[in-house]
Amino acid sequence: MKMRHVQVVIVGAGPAGLAAAQSAAAAGANVVIVDDNPQPGGQIWRGGLLQSSDAEASALWSDLKALPQVQWFLQSRIVAVLPRAALLLETPQQSVILHYDKLIIATGARERLLPFPGWTLPGVTGVGGLQALVKGGYPIDGKRVVVAGTGPLLLTVAASLREYGAQVVQILEQTSRLRLARFSLHLARSPARRKQMRQLREQLKGVPFAPNSYVLRAGGATRLAAIRASLRGVERTIDCDYLACSYGLVPHNELAAALGCEIFGGAVRVDRHQRSSVESVYCAGGCSSIGGVDLALAEGHIAGAHAAFESAPAARYRSQRRRAAGFAKRVARGFILRDELRTLCAPNTLVCRCEDVAYEALSRHDNWRSAKLHTRCGMGACQGRICGAAAIFLFGWDGAGVAARLPISPTRIDSLIGAHRGGN
């Protein structure tokens with residue numbers, strides 16, 4: 001079991017983590033970046049920074065490569081929290097105890113998947129999940145795809161899938177036309193966002209887009225063949241090979257919860273420097289506020305600068321954070337989930353796929369703890385990451401205790417033994 005001491009450890013190599021590394025290293029700190037993907041970039045820049053058309057990604061990569069005090073641990077993950085400001089890091093080859101002076105958590109967010117009859121059929125995926133598969137080489141050329149759920153991400157992913165040859169046959173947006181119109185008025189005030197929307201409209205020309213619409217159920221003998229959807233209040237059947245469905249994002253806060261950080265509304269509570277309630281622990285990006293790449297970058301730069309000897313970040317990052325946070329609030333208001341989504345499940349619809357727990361079994365309980373104890377909901381491989389968010393929405397349960405147990409991820413037994421011997 002190796003042991004390392006690092007001034008700043010950053011968990012997550014998406015935009016927030018990369019921005020934090022750039023600012024911390026530029027201030028003179030020794031930095032380690034940990035990410036479980038084979039390349040940096042996160043979900044937003046998945047496939048590697050060199051593959052991204054985003055100028056910010058290229059600039060970050062160029063700067064980080066030139067900084068010798070930045071060390072990378074890719075295809076690696078933090079699996080446990082140890083005493084005395086230490087983490088158990090597991091790589092494909094070894095395990096390492098990382099002692100840190102400052103820790104920046106930039107673990108991002110994941111999709112909220114809501115159950116409906118047929119959602120476990122092969123061919124039904126998350127929006128970001130299908131995008132990640134396709135970017136990784138999964139063949140989609142010529143396949144009929146329905147993109148459904150809510151939020152601006154639907155359009156971005158639909159355009160991306162179309163670039164890879166998919167036939168996007170329908171986009172279903174659950175929010176109303178009135179809310180969309182109000183949201184569009186805010187977009188019109190930003191030249192950059194107006195440009196993005198024009199580009200998306202061009203990329204999605206000819207693709208049917210239906211607001212006030214959502215999936216009712218999916219059908220097929222052994223895999224997805226068609227969906228039944230409510231299109232503006234009228235039920236329709238749509239034949240398709242894939243359904244990419246997502247109802248917003250929820251923070252990846254398992255590491256922060258394990259450290260004891262205060263969490264409010266599912267996100268880690270931070271101050272103006274991105275510091276959490278736990279000393280020397282910062283959070284940036286989707287785990288503290290879900291608001292897209294601009295907000296993630298700004299929060300990352302602020303956290304990185306302050307973590308490195310409490311340096312002052314450039315004023316433009318605070319301004320960028322303020323503007324991006326305002327936009328994030330407008331997105332949240334514009335794409336509130338409709339009540340009908342709570343009533344889609346049949347009694348036998350699985351909510352917890354890992355442990356085969358159906359909606360009817362969960363409906364007998366009034367909180368997460370009771371459901372977990374009596375049905376094993378959340379006790380499977382995902383540790384409640386999927387069914388937890390769904391149950392909170394479906395039943396109005398408090399999210400306390402969902403997916404917060406150790407180890408944070410499945411791990412090798414030799415890593416735990418080594419940590420016990422070397423970390424205590």
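For the numbers below, each heavy atom of this structure counts, side chains included, while hydrogens, waters and symmetry mates do not.
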May I have the list of side-chain donor-acceptor pairs in residues 193-202 shorter than 3.5 Å, sequence neighbours left out?
from : atom 1 : to   : atom 2 : distance (Å)
R194 : NH1    : A188 : O      : 2.3
E202 : OE1    : K205 : NZ     : 3.4
E202 : OE2    : K205 : NZ     : 3.4

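- Using modelled atom types, one finds a donor on one side chain and an acceptor on the other under 3.5 Å when comparing E111 with S246.
- Side-chain contact check for E90 and S76: no donor-acceptor pair (N or O, by modelled atom type) lies under 3.5 Å.
- Using modelled atom types, no side-chain atom of R330 and backbone atom of R182 make a donor-acceptor pair closer than 3.5 Å.
- Shortest non-hydrogen contact noted between Y100 and A86 is CE2-N, 3.7 Å.
- Without hydrogens or angle criteria, S176 side chain to P211 main chain gives no donor-acceptor distance under 3.5 Å.
- Qualifying ring pair (Phe, Tyr, Trp, His ring centres under 6.0 Å) partners for F209, counting only residues two or more places apart in sequence or in other chains: none.
- Between the side chain of S23 and the backbone N or O of A20, no donor-acceptor pair lies under 3.5 Å.
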Test side chain to side chain donor-acceptor pair (under 3.5 Å) applied to T375 and E355, step by step: CA-CA 8 Å; T375 71; E355 295 293 326; over 6 Å; no
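- Between the D271 side chain and the Q274 main chain, a donor and an acceptor come within less than 3.5 Å of each other.
- In this structure, E262 pairs ionically with R269, as a charged nitrogen and a carboxylate oxygen lie closer than 4.0 Å.
- Heavy atoms only, all atoms of each residue included: L297 and P15 are closest at CD2-O, 3.6 Å.
- The six-membered or imidazole ring of F393 lies away from that of Y247, with a centre-to-centre distance of 6.0 Å or more.
- Sorted by first and then second residue, the side-chain hydrogen bond (donor to acceptor under 3.5 Å, both in side chains) pairs with a member in residues 206-219 read N212-R338; sequence neighbours excluded.
- In terms of modelled atom types and a separation under 3.5 Å, the side chain of Q43 and the main chain of G128 share a donor-acceptor contact.
- Here the closest heavy-atom approach between residue G126 and residue A244 is recorded as O-CB, 4.1 Å.
- Between D101 and H5, the side chains place a donor N or O and an acceptor N or O closer than 3.5 Å (distance only, hydrogens not considered).
- Checking side-chain atoms of D294 against main-chain N and O of A324 turns up no donor-acceptor pair under 3.5 Å.
- Sequence neighbours left out, the pairs with a member in residues 277-303 that pass ring-ring contact (aromatic ring centres under 6.0 Å, His included) are Y282-H306, H301-Y317.
- No hydrogens or angles considered: nothing links the side chains of Q174 and R179 as a donor-acceptor pair under 3.5 Å.
- A parallel orientation is assigned to the rings of W397 and F395, their planes being inclined by less than 30° (bins at 30° and 60°).
- Between the side chain of T107 and the backbone N or O of G12 there is no donor-acceptor pair closer than 3.5 Å.
- Residue pairs meeting the side-chain hydrogen bond (donor to acceptor under 3.5 Å, both in side chains) criterion with at least one member in residues 159-170, sequence neighbours excluded, are E163-Q203.
- With sequence neighbours excluded, no residue forms a ring pair (Phe, Tyr, Trp, His ring centres under 6.0 Å) with F73.
- A salt bridge links E254 with R110: the distance from a Lys NZ or Arg NE/NH1/NH2 to an Asp or Glu carboxylate oxygen falls below 4.0 Å.
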